[in-house]
Amino acid sequence: MLQQTPVARVLPVYERWLDEWPRPADLAAVPTGAAVRAWGRLGYPRRALRLHAAATAIVERHDGVVPEEYADLVALPGVGDYTAAAVASFAYRRRHVVLDTNVRRVLARTVSGVEFPANAVTRAERDLASGLLPDDGPTAAAWAVATMELGATVCVAASPRCAACPVTELCAWRRAGYPAYDGPPRRGQAYDGTDRQCRGRLLGVLRDSHEPVPHRRLVEAWPGEEQRERCLQWLVADGLVAQVGADAYALP
DNA sequence: TATCCGTGGTA
DNA sequence: TTACCAAGGAT
């Protein structure tokens with residue numbers, strides 16, 4: 001849920017989710033549509049599908065227990081390097097480089113002396129983070145939490161709260177006089193009129209209904225026929241939408 | 001590796 | 001008002 005989504009928006013959904021499905025087996029036992037519906041407006045609804053698939057895989061491969069090994073975690077649907085490292089570190093106190101957007105920004109500033117990290121994680125960046133990581137698991141896990149939290153609450157992207165920062169004295173970016181970011185522009189994300197907006201609109205109609213929705217309702221939600229029909233079939237192919245009968249659609 | 005995958009709060 | 005951008009992942 002936290003992938004590319006602010007903590008404050010995740011919290012209420014997360015709490016309801018765990019209340020309903022406290023164990024992987026509980027989630028794996030319900031239809032995928034239930035997960036998509038409970039996902040609400042968190043965005044990137046395919047994550048709901050993948051979380052459901054991960055729960056199913058955990059039941060099948062790991063006897064219903066979230067695995068401790070990075071290799072097992074990263075093999076789960078929707079779990080990449082960051083999430084595998086975060087779970088192994090935070091939940092199991094294993095030693096892993098937890099390199100999320102917050103940690104990357106903290107290291108870019110405090111160590112490298114630049115305002116923002118590069119667009120993609122570089123080898124040098126990973127080596128830097130690895131070299132700073134404490135040797136033993138529990139201490140490394142505390143380090144991971146601390147650096148991430150520092151980035152999330154103090155060393156934030158816009159208007160960092162340097163006056164409240166516990167490591168201002170060793171910050172290379174501060175020492176250099178806070179030079180502005182001079183790298184390539186970080187790509188914006190146009191949204192109006194895009195397939196993403198269209199898909200979101202269509203899925204929203206189905207999510208807000210507890211019964212199959214006639215195609216007419218989708219036409220009302222997105223007038224552009226070519227894009228609407230293409231995105232609708234795309235949603236079906238993704239498994240986010242199921243066609244019910246000849247002329248109706250619903251969550252799977 | 002560049003691009004695509006939603007959504008909403010904020011300055 | 002419009003950008004920015006938020007505990008990334010898959011292809």
Side-chain angles (χ1 to χ4, degrees), chain A residues 1-14 35-54 57 70 73-91 96-108 115-123 125-126 129 141 143-161 180-181 183-208 221-222 227 230-231 234-235 237-241:
Chain A
M1 290 177 182
L2 289 164
Q3 292 166 358
Q4 293 286 280
T5 308
V7 174
R9 195 182 313 161
V10 164
L11 271 179
V13 177
Y14 165 79
V36 174
R37 187 183 302 282
W39 198 259
R41 304 184 65 82
L42 282 184
Y44 295 141
R46 291 190 295 188
R47 294 181 297 168
L49 246 29
R50 293 186 180 132
L51 185 50
H52 186 279
Y70 175 93
L73 289 163
V74 82
L76 296 171
V79 177
D81 170 71
Y82 158 72
T83 304
V87 172
S89 178
F90 301 158
H96 288 284
V97 175
V98 180
L99 205 51
D100 81 320
T101 187
N102 293 300
V103 176
R104 294 187 66 208
R105 188 174 53 249
V106 167
L107 297 185
E115 186 177 16
F116 295 115
N119 265 327
V121 177
T122 63
R123 176 58 187 270
E125 198 178 353
R126 184 162 291 280
W143 166 266
V145 174
T147 51
M148 190 179 297
E149 198 68 8
L150 184 63
T153 63
V154 176
C155 195
V156 294
S159 307
R161 305 168 50 215
Y181 177 76
R186 291 171 291 163
R187 57 124 174 74
Q189 304 177 5
Y191 189 60
D192 281 356
T194 62
D195 287 350
R196 297 163 84 170
Q197 186 185 33
C198 180
R199 287 165 55 101
R201 191 79 62 80
L202 296 176
L203 191 61
V205 172
L206 304 185
R207 198 172 46 225
D208 293 340
W222 196 272
Q227 189 177 28
R230 180 166 49 77
C231 286
W234 190 5
L235 287 166
D238 279 348
L240 283 164
V241 169

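Sequence lines set the chain letters: A, B, ... in the order given, protein chains first and strands last, and positions in each chain run from 1. Predicted model, so just to flag it, every value in this text is computed and none were measured. The basis for the numbers below is simple: all heavy atoms, side chains too, and nothing from hydrogens, waters or symmetry mates.
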What's [X] touching, base or sugar-phosphate or nothing? Going by heavy atoms closer than 4.0 Å.
{"X": "A:Thr83", "result": "sugar-phosphate"}
{"X": "A:Trp234", "result": "sugar-phosphate"}
{"X": "A:Leu42", "result": "base"}
{"X": "A:Arg105", "result": "sugar-phosphate"}
{"X": "A:Asp238", "result": "nothing"}
{"X": "A:Ala86", "result": "nothing"}
{"X": "A:Val79", "result": "sugar-phosphate"}

Rounded distance in Å - CD (A:Gln197) to P (B:dG8): 11 Å

Between C:dG9 (P) and A:Asp100 (CG): distance, integer Å: 10 Å

A:Phe116, nearest nucleotide to its side chain (from B:dC4, C:dA7, C:dC5): C:dC5

Below 3.5 Å between N/O atoms, which protein atoms pair up with nucleotides 9-11 of chain B? Just atom names and distances, please.
none

Over all atoms of both residues, closest heavy-atom pair of A:Ala144 and A:Ser89: CB-OG, 3.8 Å

Shortest non-hydrogen contact between A:Ala118 and A:Arg104, atoms and distance: O-NH2, 2.6 Å

5′-ward residue of the pair A:Ala120/A:Arg196 relative to DNA chain B: A:Ala120

Single hit among A:Arg50, A:Gln4, A:Arg196 for side-chain hydrogen bond (donor to acceptor under 3.5 Å, both in side chains) with A:Tyr44: A:Arg196

C1' spacing across the pair B:dG6 / C:dC5, given as an integer number of angstrom: 13 Å

A:Thr101 side chain near C:dA6 phosphate (N/O to OP1/OP2, under 4.0 Å): yes

